[in-house]
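All of these numbers come straight from a predicted model, not from anything done at the bench. Numbering of residues begins at 1 and proceeds along the displayed sequence.
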Amino acid sequence: MLKININKKTSSLPDHIEEGLSPHIGFLSIKETIWVSTFLLLDVPLAWPVYILFQSSPLLFYSFLLPLVGLHIWAFRLLIKNKKNTQMEFLLYIGFLGLIGSFLLTLLILIIQFYIGLTSPFYLLILFLHYLFSIYLFFIAEHKKYSSFDIPKRKKIPHLYWYVTYITPLTLCILANFIMGPYPAFLFGLISFFIFWTFAIVFILFMTNSFHRYFFIKQNIYHVRFANKALNRKYRELKKAEQQAEKERSTIR
């Protein structure tokens with residue numbers, strides 16, 4: 001992860017590095033982002049399937065319910081607090097929201113695939129490993145974006161990892177149906193796969209972007225501008241002290 005020289009002026013940093021050092025994500029406010037990402041993007045696609053699980057499998061229902069309850073308690077805590085004091089915690093929250101959201105949606109895909117008849121452990125394992133590989137690819141993409149002061153080139157054609165992460169599991173689902181099927185409920189399985197995997201990709205993006213940004217900011221905290229002015233003053237003073245200590249060490253050498 002790129003570590004910026006403490007003596008480098010923040011105003012001279014390239015736009016993409018400044019973006020990576022911003023504790024704010026997207027164009028919505030912190031509280032608006034929490035509302036949209038939690039109560040719309042997460043709750044809406046999971047509400048009906050979780051209710052079905054409550055009717056058919058209490059064990060699976062509670063496996064979904066407990067992390068969701070934890071996330072919602074955290075979300076309400078952030079909504080109550082002053083947004084100026086929650087910027088770093090907000091990044092952590094969105095990261096864990098992405099982790100839990102993408103995992104639950106992937107687990108839901110595996111459950112549906114099992115119920116429609118695609119019960120091969122090897123097939124289900126490949127789908128789960130693909131989920132983990134997708135996380136890895138998006139983390140690598142985030143790392144490359146902020147690993148250099150060179151401005152990243154914008155490509156007209158999306159990166160290969162978009163095709164790999166999005167299309168590969170859908171293709172595997174269709175092939176599995178032809179090899180192990182056909183199954184009467186396959187169309188339902190494919191449509192639900194497409195919908196839930198789309199949301200899972202969104203949450204993987206949330207996770208990789210937020211976690212990478214959180215640790216990138218921690219690594220280069222002296223170049224970050226927070227909404228909390230007292231916090232900015234604190235890090236300016238710490239930066240001056242660190243610069244002074246560095247000068248003294250240079251003099252001794």
* **Exceeds 12 heavy-atom contacts within 6.0 angstrom, atom CZ of Phe39** => yes
* To do: Report the distance from atom NZ of Lys31 to atom NZ of Lys83, rounding to the nearest 0.5 Å.
  => 7.5 Å
Show which side-chain atoms of residues 97-106 pair as donor or acceptor with protein atoms under 3.5 Å away, not counting sequence neighbours.
unit_1	atom_1	unit_2	atom_2	d
Ser102	OG	Gly98	O	2.7
Ser102	OG	Leu99	O	3.1
Ser102	OG	Tyr131	OH	2.9
Thr106	OG1	Ser102	O	2.7

* May I ask you to list the residues sharing a hydrophobic cluster with Ile52, side-chain cutoff 4.5 Å, ordered by chain and number? => Trp48, Tyr51
* Structure fact -> Residue set satisfying side chain to side chain donor-acceptor pair (under 3.5 Å) with Ser29, at least two apart, ordered chain then number -> Glu32
* Listed by chain and number, what are the side chain to side chain donor-acceptor pair (under 3.5 Å) partners of Glu18, not counting sequence neighbours? -> none
* Only pairs at least two apart or in different chains count here, so list each side-chain hydrogen bond (donor to acceptor under 3.5 Å, both in side chains) that has a residue in residues 210-220. => none
* To do: Could you grab the distance from atom CG of Leu172 to atom CD1 of Ile179, nearest 0.5 Å is fine?
  => 9.0 Å
* To do: State, with a plain yes or no, whether a side-chain heavy atom of Leu42 is found less than 4.5 Å away from one of Ser37.
  => no
* Structure fact -> Residues passing the ring pair (Phe, Tyr, Trp, His ring centres under 6.0 Å) test with Phe194, sequence neighbours excluded, are none
* Note, Phe193 side chain near Ile112 side chain (heavy atom, < 4.5 Å) -> no
* Taking only residues at least two apart or on different chains, which pairs with a member in residues 181-209 satisfy salt bridge (Lys or Arg N to Asp or Glu O under 4.0 Å)? -> none
* Asked: In Å and rounded to the nearest 0.5 Å, what is the CG to CD1 distance from Leu71 to Ile34?
  -> 11.0 Å
* To do: To the nearest 0.5 angstrom, please state how far the CG atom of Leu21 sits from the OH atom of Tyr146.
  => 9.0 Å
* Residue pairs passing the side-chain hydrogen bond (donor to acceptor under 3.5 Å, both in side chains) test where at least one lies in residues 69-81, sequence neighbours excluded -> Asp43-His72, Trp74-Glu89, Arg77-Glu89
* **Qualifying residues under ring pair (Phe, Tyr, Trp, His ring centres under 6.0 Å), relative to Phe215, sequence neighbours excluded** => none
* Asked: Less than 6.0 Å separating the ring centroids of Phe203 and Phe206?
  -> yes
* Are Phe226 and Asn85 close enough, and set up right, to give a side chain to side chain contact (heavy atoms under 4.5 Å, CB included), and what steps lead you there? -> CA-CA 9 Å; Phe226 294 100; Asn85 301 325; over 6 Å; no
* Asked: Could you give all pairs that pass the side-chain hydrogen bond (donor to acceptor under 3.5 Å, both in side chains) test and reach residues 191-208, with sequence neighbours left out?
  -> Tyr166-Thr198
* How long is the gap from CD1 on Ile201 to CD1 on Ile135, to the nearest 0.5 Å? -> 9.5 Å
* **Over 12 non-hydrogen atoms of neighbours within 6.0 angstrom of CZ in Phe133** => no
* Listed by chain and number, what are the side chain to side chain donor-acceptor pair (under 3.5 Å) partners of His223, not counting sequence neighbours? -> Thr10
* To do: Walk me through it: do Thr86 and Tyr93 pass the test side chain to side chain donor-acceptor pair (under 3.5 Å)?
  => CA-CA 10 Å; Thr86 60; Tyr93 170 77; over 6 Å; no
* Asked: How many angstroms lie between CG in Leu78 and CG in Leu92, if you round to the nearest 0.5 Å?
  -> 10.0 Å
* Shortest non-hydrogen contact between Gly20 and Phe216, atoms and distance -> O-CD2, 3.4 Å
* To do: Could you name each residue pair satisfying side-chain hydrogen bond (donor to acceptor under 3.5 Å, both in side chains) that touches residues 108-127, not counting sequence neighbours?
  => Gln113-Tyr123
